[in-house]
Amino acid sequence: MTRPASISGFPEWSPAQRMIEQQLLDRIRTSFESYGFAPLETRAVEPLDQLLRKGETSKEVYLLRRLQADGEDGGGDAGLGLHFDLTVPFARYLLENAGRLQFPFRRYQIQKSWRGERPQEGRYREFTQADIDVVDRDELPFHYDVEIPLVVIDALGSLPIPPIRLQVNNRKLCEGFYRGLDIGDPEAALRAVDKLDKIGPAKVAELLTGTAGASQAQAKACLALAEISAPDESFAEAVHALGVKDPLLDEGLAELVRVVEAGREHAPGVLVADLRIARGLDYYTGTVYETQLTGFERYGSVCSGGRYDNLATSGTDRFPGVGISIGVTRILGLLFGAGTLSISRPVPTCVLVALPDEDSRPACDRIAATLRRRGIPTEVAPSAAKYGRQIRFAQRRGIPYVWFPDGGEVRDIRSGEQATADPQTWQPPEADRYPTIS
RNA sequence: GUGGCUGUAGCUCAGCUGGUAGAGCACUGGGUUGUGGUCCCAGGUGUCGGGGGUUCGAGUCCCCUCAGUCACCCCA
């Protein structure tokens with residue numbers, strides 16, 4: 001008989017929080033569509049072999065199983081699992097529908113994902129991501145790597161959240177550098193360098209010599225590279241100054257310069273080249289993005305992605321892409337936790353129509369209907385209580401206006417101002433029509 | 001998934017080395033019998049996260065479990 005309790009990692013926001021989330025999602029969607037990304041939703045579930053095609057994430061995947069499945073089929077449903085991001089399902093969708101799509105194909109996708117990891121602040125087992133990707137057939141022009149971060153800078157910039165810092169790096173640059181240095185295990189080096197923020201340069205150097213087969217001098221060079229960070233193209237000179245020569249390094253360098261140049265022009269101070277950014281080792285092949293929320297740096301990236309040249313391939317078909325994903329639930333969780341996101345009222349209602357007595361309900365319903373038709377969220381009082389109670393009902397919910405049908409008057413209960421009004425023509429100030437977030 | 005810390009009213013929190021439920025705000029009713037907020041009075045404010053154990057007796061000690069949080073891992 002114990003009361004039902006919450007489930008770890010599966011957040012359920014309050015109505016006020018949900019209204020905030022919906023408004024953020026609306027604005028993100030509007031931003032995405034303003035760049036011409038088309039909406040897509042894929043099923044929640046993918047075959048396990050699709051999910052595990054890249055990366056060693058098997059432990060986090062939630063499996064789908066029927067309650068009544070008998071032991072013979074292993075209790076499984078053909079090995080289905082809930083998707084843990086939106087990129088892998090998108091790659092599957094591409095291969096399945098390539099013949100019906102126009103390329104380059106740009107889509108956005110705003111959906112839940114699931115990961116069976118241990119939850120903590122800003123990390124959940126069920127969470128919403130807002131994803132954009134551009135994919136082409138055979139070759140994807142690099143200018144999309146330049147465009148993608150500008151889209152999310154726009155999207156996140158339209159939200160009432162702290163400023164962001166979008167860090168960009170390029171895998172080719174790092175791998176070329178390591179190759180030019182002749183380091184034994186470039187992947188291990190990448191992994192070690194990625195921990196720089198967390199464990200500091202001394203520990204990273206240990207890792208580099210220990211696991212990546214680097215000499216002391218090589219480790220020092222890797223650290224020097226990782227510590228380069230700049231909001232403009234000056235980072236390229238800093239890399240050149242390290243004196244390493246490699247064709248792949250030059251290619252990555254040139255690409256990163258293009259991204260940073262565009263960032264400096266369109267979003268000054270937001271986008272920076274940060275050569276320590278590595279991302280998960282799985283499918284990224286070039287540009288990589290990560291995003292810090294000012295004041296919440298320690299909770300990790302709230303928006304990341306990159307270029308993947310080999311994620312969607314089938315036989316001779318190849319669909320290179322570049323994309324990025326906004327961690328909506330993470331952003332909300334952090335800001336709710338800090339108490340810095342609020343909404344002007346916890347219900348949509350703008351007007352409460354007071355009810356003089358039950359017999360008047362049809363007349364009150366007509367007033368409410370008229371207001372609603374004109375786009376003003378309206379509800380009628382639940383019962384014909386004393387007017388004082390009805391006003392209090394509105395006040396407790398933050399409803400700004402009470403409509404008195406007998407005299408045909410509307411009262412702003414914040415100021416106490418009351419005036420005669422016609423439901424056919426009365427307008428609330430635009431700021432009062434819907435709840436506003438700040 | 002491994003380990004650490006935390007859990008008392010709707011919220012913020014007290015509660016001494018085991019001895020019988022507490023404050024502020026919020027909430028409900030009334031003072032005010034159809035125009036709220038201030039003020040006054042009266043009051044639910046409680047499975048002490050849940051279960052088990054030790055004890056004459058457990059909010060307090062022990063075990064398990066759930067949730068939150070932190071570190072590792074990984075990442076939105």
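Here is how names work: the chains are called A, B, and so on, in the same order as the sequence lines, proteins then strands, and each is numbered from 1. Source: prediction; values computed, not measured.
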Pair A:Thr287-A:Leu256, side chain to side chain contact (heavy atoms under 4.5 Å, CB included): steps then yes or no: CA-CA 7 Å; A:Thr287 312; A:Leu256 188 52; 5.6 Å; no
Find the distance [X]:[atom1] to [N]:[atom2] and express it as a whole number of Å.
| X | N | atom1 | atom2 | value |
| --- | --- | --- | --- | --- |
| A:Arg298 | B:C70 | CZ | C1' | 8 Å |
| A:Leu52 | B:C74 | CG | P | 17 Å |
| A:Lys386 | B:G30 | NZ | P | 6 Å |
| A:Trp403 | B:U35 | CH2 | C1' | 17 Å |
| A:Arg330 | B:C74 | CZ | C1' | 10 Å |
| A:Arg191 | B:C74 | CZ | C1' | 10 Å |
| A:Leu86 | B:A76 | CG | P | 11 Å |
| A:Ile324 | B:A76 | CD1 | P | 10 Å |

Any A:Lys195 side-chain N or O less than 4.0 Å from OP1/OP2 of B:C73: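 Yes, because at least one side-chain N or O of A:Lys195 sits under 4.0 Å from OP1 or OP2 of B:C73.
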Side-chain donor/acceptor of A:Thr285 to backbone N/O of A:Asp309, under 3.5 Å: yes
Heavy-atom donor-acceptor pair, A:Glu379 side chain to A:Val351 backbone, under 3.5 Å: no
Rounded [atom1] spacing from [N] to [M] in Å:
| N | M | atom1 | result |
| --- | --- | --- | --- |
| B:C25 | B:U45 | C1' | 12 Å |
| B:U60 | B:C16 | C1' | 11 Å |
| B:U47 | B:A9 | P | 8 Å |
| B:U8 | B:U69 | P | 14 Å |
| B:U17 | B:G7 | P | 15 Å |
| B:G51 | B:C70 | P | 28 Å |
| B:G44 | B:G10 | P | 15 Å |
| B:A21 | B:A58 | P | 11 Å |

Which nucleotide in the set [options] lies at the smallest distance from any side-chain heavy atom of [X]?
| X | options | answer |
| --- | --- | --- |
| A:Ser8 | B:G29, B:G68, B:C74 | B:G68 |
| A:Gln129 | B:C74, B:A76, B:G37 | B:A76 |
| A:Lys198 | B:G1, B:C72, B:G36 | B:C72 |
| A:Ser304 | B:A76, B:G30, B:G36 | B:A76 |
| A:Gln120 | B:A67, B:A76, B:C72 | B:C72 |
| A:Arg392 | B:A76, B:U28, B:U33 | B:U28 |

Taking a pair as Watson-Crick or G-U wobble with both distances under 3.5 Å, which nucleotide is matched to [N]?
| N | value |
| --- | --- |
| B:G1 | B:C72 |
| B:G19 | B:C56 |
| B:U6 | B:A67 |
| B:U28 | B:A42 |

Comparing A:Arg118 and A:Glu290 on RNA chain B - which has the more 5′ nearest nucleotide: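 Taking each residue's closest nucleotide, the earlier one in sequence belongs to A:Arg118.
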Position toward the 5' end of RNA chain B (nearest nucleotide), A:Arg125 or A:Gly305: A:Arg125
Candidate list A:His83, A:Gln50, A:Glu46, test side chain to side chain donor-acceptor pair (under 3.5 Å), partner A:Arg92, passing option: A:Glu46
Which part of the nucleic acid, if any, lies within contact of [X], taking any heavy atom under 4.0 Å across all strands shown: a base, the sugar-phosphate backbone alone, or nothing?
| X | value |
| --- | --- |
| A:Asp406 | base |
| A:Arg411 | base |
| A:Tyr299 | sugar-phosphate |
| A:Phe404 | base |
| A:Gly337 | nothing |
| A:Arg396 | sugar-phosphate |
| A:Glu121 | sugar-phosphate |
| A:Gly388 | sugar-phosphate |
| A:Gln418 | base |

Presence of donor-acceptor pair under 3.5 Å, side chain of A:Arg115 and base of B:A76: yes
Donor-acceptor pair present, A:Arg414 side chain and B:G36 base, under 3.5 Å: no
Distance-only donor-acceptor check, side chains A:Asn310 and A:Tyr283, under 3.5 Å: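 Side chains of A:Asn310 and A:Tyr283: no pair found under 3.5 Å.
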Distance under 6.0 Å and angle within 45° of ring axis: A:Arg179 vs A:Phe177: no
Salt-bridge present (A:Glu255, A:Arg258; N to O < 4.0 Å):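 No.
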A:Tyr108 OH to A:Ile326 CD1 distance, which is reported to the nearest 0.5 Å: 12.5 Å
